[in-house]
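This report concerns only the one structure given below.
Computed from a predicted model, the values in this text were never measured in an experiment. Counting convention: from 1, in listed order, for ligands and their atoms alike.
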Amino acid sequence: MKDTRLLWKLYPSYLIIVALSVFLSGMLVAGTFKEFHRSEVYNDLKAKASMIGLAVVGQNLLGSGRGRLNSYCTKVGDLIATRITLILPDGQVLCDSKKNPKLMDNHRDRPEVKAALSGHMGRSVRFSHTLQKDMMYVAVPLVVDGAIKGVVRVAMGLGAVDGALAEVRKNIFIGSLVVAILAGILCFVIIRRISRPLENLTDEVEMLRAGKRRQRLYLAENTPREFVVLANAINEMAAEIRDRIKTVEAAKGDLEAILSSMSEGVVAIDSQGSVVMLNDASKRLLDIRLQKAEGRSLEEVIAHPQVCGIVRRTLQRGESVEDEVARANGSSKILQISAVPIQNLKGGKASGALLVINDITKIRQAEQIRRDFVANVSHELRTPITAIKGFAETLADGALNDKKNASKFLSIISDHADRMERIIQDLLILSSLEYGSGSFEDFSRINAKQLVEESVKAYEPIARERGVCIAHDLPHDLNLAGDKRLLLLALGNIVENAIKYSGKGGHVAISACRKDGNVVISVRDNGCGIPKEDLGRIFERFYRVDKARSRQEGGTGLGLAIVKHIASIHGGRVEVESSLNEGSTFSLFIPTEPSPYGS
Ligand SMILES: Nc1ncnc2c1ncn2[C@@H]1O[C@H](COP(=O)(O)OP(=O)(O)OP(=O)(O)O)[C@@H](O)[C@H]1O
Ligand SMILES: [Mg+2]
């Protein structure tokens with residue numbers, strides 16, 4: 001659309017209206033003036049004709065001969081500046097003040113003469129070929145004794161009138177032009193006065209839109225009331241829009257905060273398969289590196305064909321699809337993908353899909369650990385049960401009578417029963433640790449030196465038996481917070497391992513120090529050590545480096561799992577350093593201040 005200012009839209013039409021009205025009224029005045037002049041001439045001619053008629057009849061000039069008549073006509077005609085013609089009833093011109101009557105046509109058919117001959121006053125305006133100009137003719141009958149004896153016709157040229165009329169028209173035109181110019185200027189000023197506040201208002205609204213006016217429109221003092229009302233309405237509307245935008249932005253901010261704090265990945269896709277929105281977790285889980293993913297197609301953003309396939313299926317069929325996929329970057333992580341159709345408000349075809357991504361690696365790992373654990377427990381229990389069952393059957397089959405073997409078999413049965421008992425005991429400890437034992441309320445202040453001494457005392461007989469020497473040198477002032485029964489259990493396990501895996505002539509050294517808010521109790525031995533590849537797994541349940549040796553030692557493989565649990569209950573941890581054939585050092589970190597589960 002052509003951009004024209006209001007002023008230039010209104011002004012030309014106003015100008016045309018003014019010019020036209022001035023011109024028309026001028027024309028009207030000129031017309032009226034012309035008519036007025038004609039009627040004046042007519043009245044004048046009428047009077048003159050009547051008077052001449054009276055004079056001609058009165059002085060009986062009709063019968064006085066052409067010569068006298070002609071001189072009368074010419075004299076009077078010159079005197080009153082009017083052409084006078086006398087016409088006989090048959091139309092023959094008797095005399096004329098301007099022309100030789102012999103040269104003139106028969107005038108019977110002239111309209112004014114016709115009217116006069118029928119007894120009325122005749123009038124006609126036409127171009128005179130005789131005088132070569134517009135003339136007004138007025139004719140009256142010459143009545144003598146009731147009979148029409150002839151016609152007096154007077155005529156006057158209208159040229160003078162038309163000249164005066166032209167002058168009047170010229171003046172009217174000049175006057176109209178002046179009036180039109182003045183009216184045009186006035187129109188311009190008036191329209192300007194209307195359009196100026198409107199333009200100001202438009203500028204103000206534009207500034208408000210561009211954010212240069214923060215709150216309200218500014219209007220000049222003398223702005224018309226209508227515009228002030230309009231500006232106030234716009235101000236109110238702007239305030240309302242501001243409020244609404246604030247509400248929408250707050251809601252959007254809340255939504256973004258919620259989405260970005262979610263650990264689940266969320267991606268919204270429209271019906272065309274373009275990404276509408278996605279949160280940080282989805283970028284992390286789906287390895288999306290694009291800075292601006294919104295608006296791009298699904299396949300461009302998510303480099304995981306399986307995930308894209310799930311979303312496409314949901315978009316096509318309008319139904320939820322759920323599946324598990326491996327993470328695209330070759331890691332062992334497992335993602336649970338669920339795509340749900342987003343119905344439009346009218347409940348019609350799917351207008352998009354919402355993709356929710358969950359990292360279920362830990363859940364699957366936990367399930368695997370549980371499965372392994374059950375398998376391990378079954379396996380660990382089956383071995384002693386099989387042995388007990390086998391030897392019991394052997395005894396029942398007659399070995400009871402063989403005294404020497406019978407007591408040997410019974411001692412084997414007893415050993416396996418002990419082993420089963422130990423396994424069950426350790427499992428019970430583990431499950432009680434998992435299900436809430438070692439609560440914060442049971443914590444007390446414990447002196448580390450006393451704790452170590454008490455533990456060593458319990459294991460000294462076994463150490464002596466195995467030819468292992470235990471040395472411990474701890475400062476007196478090391479105190480920690482914890483459950484003494486559990487800490488003794490943990491430390492005992494570490495000390496027992498050190499003795500077990502050192503062998504004859506082994507040496508176990510226990511020391512302690514304070515480090516980063518923890519008391520660190522270290523148990524070092526010079527035993528067989530642990531291969532590097534096993535170091536990460538020795539804290540798993542039932543994991544043993546050398547199964548045969550451990551079993552021979554009566555170990556269940558649950559000891560270090562229990563230690564790890566106890567350390568974490570106290571908000572601490574257990575660490576190991578080891579070199580094969582050189583020895584190992586196990587360090588138990590327990591906070592000096594109560595801090596169960598690191599809280
Ligand atoms: N000080 C150590 N030196 C060498 N190997 C060790 C030491 N402590 C633990 N290990 C290895 O770690 C494994 C796991 O130890 P853990 O205490 O859990 O089980 P265990 O001692 O075999 O049985 P349990 O302690 O239940 O009687 C052991 O089987 C052993 O192979
Ligand atoms: Mg052990």
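- With respect to atom 21 (O) of ligand 1, the closest heavy atom belonging to the protein is Asn497 OD1, 2.9 Å.
- Inclusion of Glu496 in the set of residues having an N or O under 3.5 Å from an N or O of ligand 1 is not warranted.
- For the 3.5 Å distance criterion, the side chains of Arg313 and Gln316 fail to qualify, holding no donor opposite an acceptor.
- For residue Thr556, no N/O/S atom approaches the Mg ion (ligand 2) to within less than 2.8 Å.
- Considering only heavy atoms from C-beta on, Leu487 comes within 4.5 Å of Ile446 through its side chain.
- The protein atom (non-hydrogen) at minimum distance from atom 18 (O) of ligand 1 is Leu560 N, 2.8 Å.
- Ring to ring, Phe589 and His570 are not that close: their centroids are 6.0 angstrom or more apart.
- Of all protein heavy atoms, the one closest to atom 5 (N) of ligand 1 is Ile530 CG1, 3.4 Å.
- In terms of polar-atom proximity, Ala561 is not counted as a contact of ligand 1, lacking any N or O under 3.5 Å from an N or O of the ligand.
- For the residue pair Tyr501 and Asp546, no side-chain donor N or O sits within less than 3.5 Å of a side-chain acceptor on the partner.
- Every atom of ligand 1 with a heavy atom of Cys528 under 4.0 Å away is listed here by number and element: 4 (C).
- Using modelled atom types and a 3.5 Å distance limit, the side chains of Asn232 and Glu236 yield no donor-acceptor pair.
- Every N/O-N/O distance between Phe586 and ligand 1 stays at or above 3.5 Å.
- Counting only heavy atoms of the protein, atom 4 (C) of ligand 1 lies nearest to Tyr501 CB, 3.5 Å.
- Remark: among candidates Gly557, Gly559, Gly506, the nearest residue to atom 23 (O) of ligand 1 is Gly557, based on non-hydrogen atoms.
- When Leu535, Ile538, Leu558 are ranked by how near their heavy atoms come to atom 12 (O) of ligand 1, first place goes to Ile538.
- Remark: ligand 1 atoms within the under-4.0 Å shell around heavy atoms of Asp426 are 26 (O).
- An N or O contact shorter than 3.5 Å is missing between Arg544 and ligand 1 by distance.
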(request) Report the C-alpha distance between Asp534 and Tyr543 in whole Å, list the side-chain angles of each, state the deciding distance to 0.1 Å, and finish with yes or no for side-chain hydrogen bond (donor to acceptor under 3.5 Å, both in side chains). (result) CA-CA 9 Å; Asp534 295 303; Tyr543 192 81; 2.4 Å; yes
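- Scanning the protein for heavy atoms near atom 22 (O) of ligand 1, the closest one is Ser550 OG, 2.7 Å.
- Of all heavy-atom pairs between Asp525 and Gly527, the closest is OD1-N, 2.8 Å.
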(request) Given side-chain hydrogen bond (donor to acceptor under 3.5 Å, both in side chains), test Gln425 with Arg422 step by step and report yes or no. (result) CA-CA 5 Å; Gln425 233 169 22; Arg422 266 201 309 279; over 6 Å; no
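- Against a heavy-atom cut-off of under 4.0 Å, Lys500 is close to the following atoms of ligand 1: 20 (P), 21 (O), 23 (O), 27 (O).
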